[in-house]
Every structure is written in structure tokens, then in C-alpha cells.
Amino acid sequence: MTRVLVTGATGFVGGHLVRAALARGHAVTALARPSARVVALRAQGVHVVEGDLVTGRGVKEAVRDAAVVVHLAAAVKARSAAELWAVNRDGTARLVEALAARRVPPRLVHCSSLAAAGPGGRGPVSAYGASKRAAEDAIRAHAHRVPSVILRPGIVHGPGEPALLPALLPLVRLGLVPRPGRAAGRYSMIHVTDLCAALLAATERGATVRHDDPLTGVYPLSDGIVHHWPGICAAVATALGRRTPTVLPIPLPVMTAIATLAELLGRTRHTVPALNRDKVREMRHPDWTCTYDAAARDLGFTPSLTFADGLRAALAPEGSDLP
Ligand SMILES: NC(=O)c1ccc[n+]([C@@H]2O[C@H](COP(=O)([O-])OP(=O)(O)OC[C@H]3O[C@@H](n4cnc5c(N)ncnc54)[C@H](OP(=O)(O)O)[C@@H]3O)[C@@H](O)[C@H]2O)c1
């Protein structure tokens, strides 16, 4: 039995990954901040080490007996760039340093993001993307000690997805969806089940990152389809049994103004809106696509589920209870 340490197990991808790992007969340890979801993890038989990647609490204990580590924990949105850096770069550095201190460091699989590569692979354009890239760099700095694989998925969809679908549903029901800027955005997507299969495959195979080479051991991941924004909106409408919504181009300065307002409103409610200025920085760029060729070759990855599959599962009555 392999003991897998999962960070971010209380999140969207983490919930699915824990179930997939347990289904394969692995033992799972989760490094997690206290919350209701920790209780649910314990009920599944997960060994939970309560801790925090920002303070470092629990990290040493969590890594102690892990045979492999899947690092999903991240701030995907935050009130400030400092918060993104603290969790994504510094938290990752803290984890990898703890792994490097083991006599024989276990294999690390890091869930990065296409945002770390940036549009067309030309470098990050948002604070989130830059902080995820810095996390990769922190891992690469320890490549001589910790064998690590980095996966860079596009937009992840499926049951429990907390950002895109909840934002799109009311707009599609209204029949009117904004499109940021003039260009029709192109996106890579991946079903969360396929992402989890790739993450678990990477615990066993695939090239590991090298200190002197930014490409080896880094695997972009998608379903291999180029999704256009109007097509994404139309697919949601079909899944809801609604008519295809009108997609209305909104000038980027207007998007920025809306995002600023949403952030101000969020401050009063102590929440961070899915539409924020950092996300608008990403929306300025139309090309967020990648292929999965390297993952197919080295990880044996084949996407098996479509966006329509993800929508069906997410909209099923039991889908809302996940992760
Ligand atoms: N969702 C996507 O479309 C997508 C696309 C590309 C890449 N990714 C990457 O996939 C990974 C998982 O994303 P997700 O969508 O599952 O995000 P999520 O639902 O927001 O989950 C984030 C997880 O990180 C944990 N976390 C945050 N700060 C932490 C800290 N200081 N110490 C310990 N744990 C902390 C959260 O714990 P709490 O429950 O305590 O907050 C939660 O379990 C991330 O690395 C993300 O960058 C996601």
C-alpha cells in the first residue's frame, strides 16, 4: 500500500483526488487547515495532519511517512498579490524543503497551471500565474534532491467546480453572457477525473524536472480540444436545456471596472469574487490552449471525458455535493 500525501485535499480537485487514490487502494494523508471538510476526509479514512503551508505548521509531520506527494494546495484567488505569493511560492518552497530534508525524499507531483506558462507559453500575465511559476521554480531549485513532476492543466471542470460554472449558470439562464474584449477566447479544459488520473500516473512515471532545464518534467494537460468562449456558453445552455445565450463583447476597461466593483463588494463580505482584476489580466489574452502530447507519451495520459460530461455530472443532483 502506497501512502500518498495530498495537500489541498479539502479543495475541488483535492476531493476528487483523494477519492481516486483511495479507490486505487492507496493510504492517504492530508495536510489541511481545520474546516468542516477535514471532518469529511477523516470519515473517508484519510489521516489528516492539521497544518498550514503559510505558517509551516504540520508540514514536517505530514511529509514524514509519505511515499509520494501530490501538491494541490494553492490560493487560486486572493485579496492581495502578497497572499498569492505567500501560499503558492513560499508554501510550496516550505513543502519541498521539508521533503528535501528526508533521508530519501519521496516523489513530488505538483499541480501547477497553464497560467504559469502564460498565454501561448509566453510567460505569466497575472499575479496568480506568476506565483504558480515561482512555485515551479522553488521545486526546480530542489530538483537535485526531490524527484518532481509538474503538471500544468488548463481550466478544470466537473462536479464541485467552484468558479466557472457557478458564475456562468445565472448568466446563461438570463440568456446574455459577456465576452471580455473583442477576441473570441480559446481555452484548454480538462475533466477533473482525467486530471486526477494524470496526477496519479505522474506519481509512478514521467520525467522529473531538472535544475538546468525549464521543459523536462513539465506536462501541459488538456482534453486536446480548443474550446471557444461562445461554445463553452452554448454547452452550458444545452446542459441546462436553455437556448444558446447571446455573447456580448464587453470592452476590457469596462471588465476592469466591474471587477474592481466586485472586489470592493467582496471586501465588505470578506470574500474574493471569481471575477477580479487579476482574472481580467488573464482575459486580455485570447489564447489559453495547450496540447497533451508530452503527457500522452510519458504518463500514458489519454483524456476520456468531455466538457459535456463534466457539465452533466456537475449539474446532476449529487454533483452539487462534491467534492
Ligand atoms: N480549478 C482549476 O480550474 C485549476 C486550473 C489549473 C490549475 N489548478 C490548480 O489545481 C490545484 C487545485 O485547485 P482547486 O481548484 O482544487 O482549488 P481550491 O478548490 O481553491 O482548493 C485549494 C486548496 O488549497 C488549500 N490551501 C490554500 N491555502 C492553504 C494553506 N495556506 N495551507 C494549506 N492548504 C491551503 C485549500 O484549503 P482550505 O480548504 O483550507 O481553503 C484547498 O484545499 C491548485 O494548485 C490550482 O492552482 C486549478
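Here, residue 1 is the first one in the sequence, and each next residue gets the next number. First listed ligand is number 1; within each ligand, the first listed atom is number 1.
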Looking only at protein heavy atoms, which one is nearest to [atom], and what is the separation?
atom                    : value
atom 34 (N) of ligand 1 : Ala73 CB, 3.7 Å
atom 7 (C) of ligand 1  : Ser112 O, 3.2 Å
atom 20 (O) of ligand 1 : Val76 CG2, 3.8 Å
atom 13 (O) of ligand 1 : Val13 CG2, 4.1 Å
atom 33 (C) of ligand 1 : Leu53 N, 3.7 Å
atom 10 (O) of ligand 1 : Cys111 SG, 3.3 Å
atom 43 (O) of ligand 1 : Thr10 OG1, 2.6 Å

Pair Glu50 + Arg33: basic N to acidic O under 4.0 Å: no

Option with minimal heavy-atom separation from atom 44 (C) of ligand 1, where the choices are Val87, Leu72, Val6: Leu72

Option of least heavy-atom distance to atom 41 (O) of ligand 1 (set: Glu50, Arg152, Lys77, Arg33): Arg33

Residue-ligand contact Gly154/ligand 1, heavy atom below 4.0 Å: yes

side-chain hydrogen bond (donor to acceptor under 3.5 Å, both in side chains), paired with Ser112, selected from Arg152, Arg133, Glu136: Glu136

Numbered atoms and elements of ligand 1 in range of Pro153, under 4.0 angstrom, heavy atoms: 6 (C), 7 (C)

For Lys132, atoms of ligand 1 separated by under 4.0 Å from a heavy atom: 44 (C), 45 (O), 46 (C), 47 (O)

Shortest non-hydrogen contact from Leu315 toward Ala239: CD1-CB, 3.6 Å

